[in-house]
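Step one of this worksheet: look at the structure below.
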Amino acid sequence: MRTRVKQALQAQKPQNGLVLKGWVRTKRESKGVVFLELNDGSCRGNLQIVADSSMICAEGFEGINTGAAVLAEGDLVPSPGRGQKWELKAGSIQVLGYADPKPYPLQKKRHSDEFLRSIAHLRPRTNKYGAMNRIRSELSFAVHHYFRDHGFNYIHSPIITGSDCEGAGEMFLVTALDLEQPAVRKKPVDFALDFFGKKAHLTVSGQLPAESLACALGDVYTFGPVFRAENSNTPKHAAEFWMVEPEMAFADLDEIMDMSQDLVQSLTRHIMNNCSEDMELFTRFVDQSLEERLERVSSRPFERISYSMVLEVLQKSKKNFEFPLEWGLDLQTEHERYLCEEYFQGPVMVYNYPLELKPFYMRVNDDQTTAAAMDVLLPRVGEIIGGSQREERLEVLDHRIREAGLDPEEYWWYRDLRRYGSVPHAGFGLGFERLLMFITGASNIRDVIPFPRTPNALEF
RNA sequence: UCCCCGGUAGCUCAAUCGGCAGAGCGGGUGGCUGUUAACCACUAGGUUGGCGGUUCAAGUCCGUCCCGGGGAGCCA
């Protein structure tokens, strides 16, 4: 039976005859003694393995280097040396997998994030990315935990979609056609001959299916990958990312604003409470002000301000913004950053955006000029949530669809939800990676996903 | 996609005005009775991102392409 490093480090008393398996982080050798730091991914810490140089080892110690996988059998005893409470006095050591130290790229020193991205298959073996992936796992569970506690049903929305326009962004085409052939014939491609008998794409959002389920089950959420084919080259965009999308029947804009805040705060607090060892690494090496900021964000209410009021604040700021401030124009990054990082110095919810800036499914407010939409902005990462109350009135929805230059017939089933027992409902999308960036202080989205997909990057 | 910066040993970087391409770490070898990013000594390691140009001479200047980073747009 294999003992995890995590268990061994938490031991209350010495134990004999333990077997540990893991990867060697460093080897220190002296005349008669060899020290190995063993990590098995169960936690951030390593277990020190102490072995006599003369100890009979089937493979010999020459083969044991940084990166090698080993099995160590022995007794867990209090460590006489400084720096660790326990160590394993090895009775025997076996090499499970060699790692030739010459080409092995990970050294026992700090590597740049840029270099580690080029060896994404090995970077989880570093302290930082081991911690990152454990936190990512814990955050995923926390999402499910939160919604389960609040009576939500977890639903699976499709990844392949037949709808051309799900709201925003360029979409990836999904096809079973041989794209070489139609190109040679120089004919327009006939997607009626394709697998689904129509054009298909990877989804950009699970919202539309979620509305259907919400209007049956009440409170639902999706949590899965979504895809954007935008040629975005920034530290905050990926072509494939995970989104959390709650959708609530009988809810209005205020309710999802309440919930957005509660969700972000609960998830942040969950990680602070349950991943303290891994989080300590990020506070120490990535962002010294991390702990203080998370503490503040998770305990104070978020500011709420309408789009119109935002314009007033920005105009009064006397700041020299590059982009114009005029009612009807979208807020730019410089505006959001000023609002979030200077004016309020904390999370901000902006609501009631001009109607023409928002997609057809967002509810038209009584003023007929704004949509019941809201964005949550966080310091450093910017927009983390976008949501809205949905348009539940069929005639208004149809008008908005046509206004957008779309065909209502294409949305026949979505419109049916408004024909039969339509109710007010609302929801939002939370960018999972952006939340992870906020929580860990990571400044590039490529560092919070094990194998990030971005333009021109599909090596792994 | 646009703007700015960068690409030199496995990694992180230096190289003055255009004048012999270097250091630390990592690797190898040897030493050291318990190390903690161990320590000491020795040692190997280079098409300076690719192609073209200017020059007696290019890591350095010019053109172009590729790659990376930052900012912007789009968004979560």
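Model, not experiment: these values are computed from the prediction. Order of the sequence lines fixes the chain letters, A, B, ..., with proteins taken first and strands second; residue numbering starts at 1 for each chain. As a basis for the values below, the full set of heavy atoms in this structure was taken, side chains included, without hydrogen atoms, waters or symmetry mates.
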C1' spacing across the pair B:C42 / B:C20, given as an integer number of angstrom: 25 Å
To the nearest Å, how far apart are A:His111 NE2 and B:G26 P? 11 Å
Rounded to whole Å, please give me the gap between CE in A:Met362 and P in B:A76. 7 Å
Given that A:Asn444 and A:Pro105 both sit by RNA chain B, which one's nearest nucleotide is further toward the 5' end? A:Pro105
Specify whether A:Phe172 and A:Phe227 have parallel, tilted or perpendicular ring planes, treating 30° as the upper limit for parallel and 60° as the lower limit for perpendicular. perpendicular
Do A:Glu211 and A:Tyr414 get their side chains close enough for a donor-acceptor pair, meaning under 3.5 Å? yes
Verify the distance criterion only: is there a donor paired with an acceptor across the side chains of A:Tyr351 and A:Asp375 at less than 3.5 Å? no
For A:Phe35, what residues pass the ring pair (Phe, Tyr, Trp, His ring centres under 6.0 Å) criterion, not counting sequence neighbours? none
Short side-chain N/O contact from A:Thr333 to OP1 or OP2 of B:G73, under 4.0 Å: yes
Under 4.0 Å, heavy atoms only, any strand: does A:Glu240 hit a base, just the sugar-phosphate, or nothing? nothing
Please state how far atom NE2 in A:His237 lies from atom C1' in B:G71, giving the value in whole angstrom units. 13 Å
Expressed as a whole number of angstroms, how long is the span from A:Asp375:CG to B:C74:P? 12 Å
Checking base pairs now: Watson-Crick or wobble, both atom distances under 3.5 Å. What partners B:C2? B:G71
Quick check on B:A38: is either OP1 or OP2 less than 4.0 Å from any side-chain nitrogen or oxygen of A:Arg28? yes
Under 3.5 Å donor-acceptor pair, A:Arg434 side-chain atoms to B:C75 base atoms: yes
P-based separation of B:A37 from B:G73 [nearest Å]: 44 Å
Do any side-chain atoms of residues 333-340 of chain A form donor-acceptor pairs under 3.5 angstrom with protein atoms, and if so which ones, sequence neighbours left out?
{"unit_1": "A:Glu334", "atom_1": "OE1", "unit_2": "A:Glu322", "atom_2": "N", "d": "3.0"}
{"unit_1": "A:Glu334", "atom_1": "OE2", "unit_2": "A:Glu322", "atom_2": "N", "d": "3.0"}
{"unit_1": "A:Glu334", "atom_1": "OE2", "unit_2": "A:Phe323", "atom_2": "N", "d": "2.7"}
{"unit_1": "A:His335", "atom_1": "ND1", "unit_2": "A:Gln332", "atom_2": "N", "d": "2.9"}
{"unit_1": "A:Arg337", "atom_1": "NE", "unit_2": "A:Glu341", "atom_2": "OE1", "d": "3.2"}
{"unit_1": "A:Arg337", "atom_1": "NH2", "unit_2": "A:Glu341", "atom_2": "OE1", "d": "3.2"}

Write down the distance between CZ (A:Arg25) and C1' (B:A37), rounded to a whole number of angstrom. 13 Å
Integer-rounded Å distance: B:G10 C1' and A:Leu106 CG: 11 Å
Can you find a side chain N or O atom of A:Gln107 that sits less than 4.0 Å from OP1 or OP2 on B:U12? no
Under 4.0 angstrom between A:Ser232 side-chain N/O and B:C75 OP1 or OP2: no
How many whole angstroms separate atom OH of A:Tyr98 from atom C1' of B:G27? 18 Å
Give none if B:G46 has no partner; otherwise give the nucleotide forming a Watson-Crick or G-U wobble pair with it, both distances under 3.5 Å. none
Interatomic distance where CG belongs to A:Asn127 and C1' belongs to B:A37 [whole Å]: 11 Å
Could you tell me whether A:Lys109 contacts a base, only the sugar-phosphate backbone, or nothing, with contacts defined as non-hydrogen atoms closer than 4.0 Å? base
Counting only side-chain N and O atoms of A:Arg117, is one of them less than 4.0 Å from OP1 or OP2 of B:G69? yes
Contact under 4.0 Å: A:Lys108 side-chain N or O vs B:A38 OP1/OP2: yes
OP1 or OP2 of B:G71 under 4.0 Å from side-chain N/O of A:Asn233: no
If the P atom of B:G24 is compared with that of B:C61, how far apart are they to the nearest Å? 27 Å
Quick one: is A:Gln84 getting a side-chain N or O under 4.0 Å of the B:U36 phosphate, OP1 or OP2? no
